Amino acid sequence: QLQLVESGGGLVQPGGSLRLSCAASGFTLGYYAIGWFRQAPGKEREGVSCINSGNDRTYYADSVKGRFTISRDNAKNTVYLQMNSLKPEDTAVYYCAAKNRIGPYSSTWYLEGTYTIWGQGTQVTVSS
C-alpha cells in the first residue's frame with residue numbers, strides 16, 4: 001500500500017518555527033516529486049512548496065519564499081518542510097503529496113490534480 005504520513009504540526013507563536021515531515025511507505029520517495037499543500041478554514045487548498053526528483057529542484061509559493069525550506073532525505077524516505085518566521089496566516093492543515101517527476105519545461109508543481117498519492121494532513125496553528 002502506497003502511503004504518505006505527515007507529522008510535526010502543532011501550535012506555535014508568531015515568529016516561531018516548525019519542521020514538518022512527510023514519510024513514505026510502500027514506495028521509494030526519491031523517485032517522485034513531493035509537494036506540500038495547505039488548506040486554511042474556508043479557503044481552497046494551495047501549493048506551498050515542491051521538491052523534484054532527480055535534480056532536487058525546489059519550488060515555493062511567493063507567500064513562503066525566504067521563510068520555508070523543503071528538503072529530502074532519501075535514506076529515510078522522508079521529505080521535510082522547515083517553516084521559519086511563521087505568521088498567523090500560515091495556519092492551515094498541511095498535506096504532502098507525490099507525483100511523477102516534473103519535466104524541465106513544466107510549471108505544474110502547484111496543481112494538486114497532478115498528484116496521485118496524498119497524506120492525511122497535519123494541523124499547523126500559528127497564534128499567540
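What you are looking at is a predicted structure, and each value in this text was computed from that prediction instead of being measured.
Residues Leu20 and Val124 form a side-chain contact, since some pair of their non-hydrogen atoms from C-beta on lies under 4.5 Å apart. Counting heavy atoms from C-beta on, the side chains of Pro88 and Ser127 never come closer than 4.5 Å. Looking only at side-chain heavy atoms (C-beta outward), Leu81 and Thr69 stay at 4.5 Å or farther from each other.
In this structure Ser85 satisfies the side-chain contact (heavy atoms from CB on, under 4.5 Å) test together with Arg67, sequence neighbours excluded. Remark: Val12 pairs with Leu18, Leu86, Val126 by the side-chain contact (heavy atoms from CB on, under 4.5 Å) rule, at least two apart or across chains. By the disulfide (SG to SG under 2.5 Å) test, Cys22 pairs with Cys96, sequence neighbours left out. For Lys43, there are no side-chain hydrogen bond (donor to acceptor under 3.5 Å, both in side chains) partners at least two apart in sequence or on another chain. Legend: residues meeting salt bridge (Lys or Arg N to Asp or Glu O under 4.0 Å) with Arg101, ordered by chain and number and at least two apart, are absent. Partners of Asp56 according to the salt bridge (Lys or Arg N to Asp or Glu O under 4.0 Å) rule, which considers only residues two or more places apart in sequence or in another chain, are Arg72. The side-chain hydrogen bond (donor to acceptor under 3.5 Å, both in side chains) check on Gln3 picks up nothing, with sequence neighbours excluded. Qualifying side-chain hydrogen bond (donor to acceptor under 3.5 Å, both in side chains) partners for Arg57, counting only residues two or more places apart in sequence or in other chains: none.
Chaining together hydrophobic side chains whose heavy atoms lie under 4.5 Å apart places Ile102 alongside Phe37, Tyr59, Val93, Tyr95, Trp109, Tyr110, Leu111, Tyr115, Trp118. Chaining together hydrophobic side chains whose heavy atoms lie under 4.5 Å apart leaves Tyr80 on its own.
A distance of 6.5 Å separates CG of Leu4 from CG of Leu29, quoted to the nearest 0.5 Å. Rounding to the nearest 0.5 angstrom, the gap separating the CD atom in Gln123 from the CG atom in Leu11 is 9.5 Å.
If you check the side chains of Thr116 and Lys99, you find no donor sitting under 3.5 Å from an acceptor.
When every heavy atom of Arg38 is checked against every heavy atom of Ala92, the shortest pair comes out as CB-CB, 3.8 Å. Residue Ala33 comes nearest to Cys50 through the heavy atom pair CB-SG, 4.2 Å, listed as atom of the first residue, atom of the second, then distance.
Each salt bridge (Lys or Arg N to Asp or Glu O under 4.0 Å) pair with one or both residues in residues 107-128, not counting sequence neighbours, appears once here: Arg45-Glu112. Residue pairs satisfying the side chain to side chain donor-acceptor pair (under 3.5 Å) criterion with at least one member in residues 7-36, sequence neighbours excluded, are listed as follows: Ser17-Asn84.
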Go through Lys87 and Asp90 one step at a time and tell me if the salt bridge (charged side-chain N to carboxylate O under 4.0 Å, His left out) criterion holds. CA-CA 5 Å; Lys87 306 175 182 180; Asp90 294 318; over 6 Å; no
Might you work through the side chain to side chain contact (heavy atoms under 4.5 Å, CB included) test for Val5 and Thr122, ending with a clear yes or no? CA-CA 9 Å; Val5 178; Thr122 185; over 6 Å; no
